[in-house]
Visitor: 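Please find one structure pasted underneath; my questions will follow.
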Amino acid sequence: MTSLTLPDIAAQSSEQFLPLDWVGMCGIALPLLLDGRSLSARADAGVSLDDGAARGIHMSRLYLALEILEQQPLSTALIRQVLEHFLESHQGLSRRAYLRLAFDHLLKRPALVSPLAGWKHYPVSIDARLENEMFHVELSVDIPYSSTCPCSAALARQLIQEQFDRDFSGPSLDRDSVRQWLGSSSGIVATPHSQRSNARLQVRLADGELHLTELIDCAESALGTAVQTAVKRADEQAFALANGQNLMFCEDAARRLHQALRQAQGVTGFKVRVEHAESLHAHDAVAASRWQW
Ligand SMILES: Nc1nc2c(ncn2[C@@H]2O[C@H](COP(=O)(O)OP(=O)(O)OP(=O)(O)O)[C@@H](O)[C@H]2O)c(=O)[nH]1
């Protein structure tokens with residue numbers, strides 16, 4: 001037989017009087033709408049439990065408040081609305097509300113020269129909180145790129161010069177022989193090392209649109225050596241040129257990103273961390289920078 005009154009343990013008093021910083025649910029599956037597409041996200045939703053005598057929060061109310069995120073395009077205003085709903089549904093219990101969204105942002109990227117294109121995924125997380133009517137939202141995105149060591153390039157050039165002196169020690173130079181030599185492996189005796197690198201941008205956002213794609217575009221254009229998707233030889237050659245024209249220590253990459261983010265729309269503060277997964281070493285070269293953080 002079904003009882004008409006369901007026991008509600010959360011409504012009981014706690015045996016210990018103790019407020020809690022964060023209570024909620026992690027890893028909730030949730031579709032989001034971004035740039036006209038639906039994407040698969042994971043949400044962590046929580047509130048503080050400021051009433052130390054209350055046994056528990058109302059998990060279902062947080063869960064149901066997330067529904068709006070699958071119906072309307074993702075924006076900071078929408079996230080704020082969700083957090084306000086968290087607090088409205090926990091009056092007397094909670095003063096702070098938290099939401100974290102994690103997803104992969106997929107972008108179709110054209111090849112450098114050929115008419116090909118392919119997809120790249122950018123891991124994104126958005127952390128938002130509402131406290132004393134103050135709304136904070138931070139977005140973090142990982143951007144892979146290529147970096148070629150400027151020191152290694154200079155050392156390689158020196159070896160090429162020395163090889164040139166050995167191979168062309170005579171008094172006269174024949175243009176065709178030099179040209180042929182430049183195209184041979186005995187001409188380019190040394191190559192600089194390059195590495196796949198990662199930039200993690202953490203930005204504080206003003207209220208409004210997310211401008212996520214614009215943020216990624218801005219960072220990739222500042223670096224000049226975004227990793228590619230579909231690649232034919234013409235694209236690979238253009239990529240080699242881009243790397244040669246954008247030799248970068250990790251410090252250079254961090255400075256480029258810092259300058260670019262200072263100009264980015266809707267960004268009120270940021271932290272940048274770049275990691276060059278060195279092929280010279282078994283460890284990484286890392287640089288970090290921040291502004292209003
Ligand atoms: N507070 C809390 N609830 C939990 C936990 N684990 C599971 N739940 C369940 O989450 C469910 C939803 O809780 P509530 O939101 O309070 O559900 P409800 O009482 O039916 O909804 P309201 O009438 O809106 O309060 C309940 O069945 C709880 O038992 C937990 O660790 N803490």
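All ligand and atom numbering here is 1-based and tracks the order in the structure.
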Visitor: In terms of side-chain heavy atoms, does Asn246 have a donor or acceptor partner in Thr225 at a distance below 3.5 Å?
Guide: no
Visitor: Looking only at distances, please establish whether an N/O atom of ligand 1 is found under 3.5 Å from an N/O atom of Gly56.
Guide: no
Visitor: Report the C-alpha separation of Arg80 and Glu84 in whole Å, then their side-chain angles, then the decisive distance to 0.1 Å, and conclude whether the salt bridge (Lys or Arg N to Asp or Glu O under 4.0 Å) test is met.
Guide: CA-CA 6 Å; Arg80 186 186 182 131; Glu84 281 167 353; 3.2 Å; yes
Visitor: Taking 4.0 angstrom as the limit and counting only heavy atoms of Ile57, give me the atoms of ligand 1 inside it, by number and element.
Guide: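 So the atoms of ligand 1 that pass are 1 (N).
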Visitor: List the closest protein heavy-atom neighbour of atom 16 (O) of ligand 1: residue, atom name, distance to the nearest 0.1 Å.
Guide: His58 ND1, 3.0 Å
Visitor: Could any protein non-hydrogen atom be found less than 4.0 Å from atom 14 (P) of ligand 1?
Guide: yes
Visitor: What residues form a salt bridge (Lys or Arg N to Asp or Glu O under 4.0 Å) with Glu278, not counting sequence neighbours?
Guide: none
Visitor: Assess Arg204 against Trp293: is NZ or CZ under 6.0 Å from the centre of the six-membered ring, and within 45 degrees of the ring's axis?
Guide: yes
Visitor: Return the minimal non-hydrogen interatomic distance between Cys250 and Val274, and the atom names on each side.
Guide: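 That closest heavy-atom pairing would be O-CG2, 3.4 Å.
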Visitor: Suppose we measure from atom 19 (O) of ligand 1 to each protein heavy atom; which comes out shortest, and what is that distance?
Guide: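 The answer is Asp8 OD2, 3.7 Å.
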Visitor: Quick test of your reading of the model: are Lys271 and Glu138 salt-bridged, counting only N-O distances below 4.0 Å?
Guide: no
Visitor: Regarding atom 23 (O) of ligand 1: of the candidates Arg55, Arg61, Met59, Met25, which has the closest heavy atom?
Guide: Arg61
Visitor: Looking at atom 30 (C) of ligand 1, is any protein heavy atom nearer than 4.0 Å to it?
Guide: yes
Visitor: Quick test of your reading of the model: are Asp174 and Arg179 salt-bridged, counting only N-O distances below 4.0 Å?
Guide: no
Visitor: Hey, is atom 1 (N) of ligand 1 under 4.0 Å from any protein heavy atom?
Guide: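 Yes, there is a protein heavy atom closer to it than 4.0 Å.
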Visitor: Considering only non-hydrogen protein atoms, determine which one is nearest to atom 17 (O) of ligand 1 and report residue, atom name and distance to 0.1 Å.
Guide: Ser60 OG, 3.5 Å
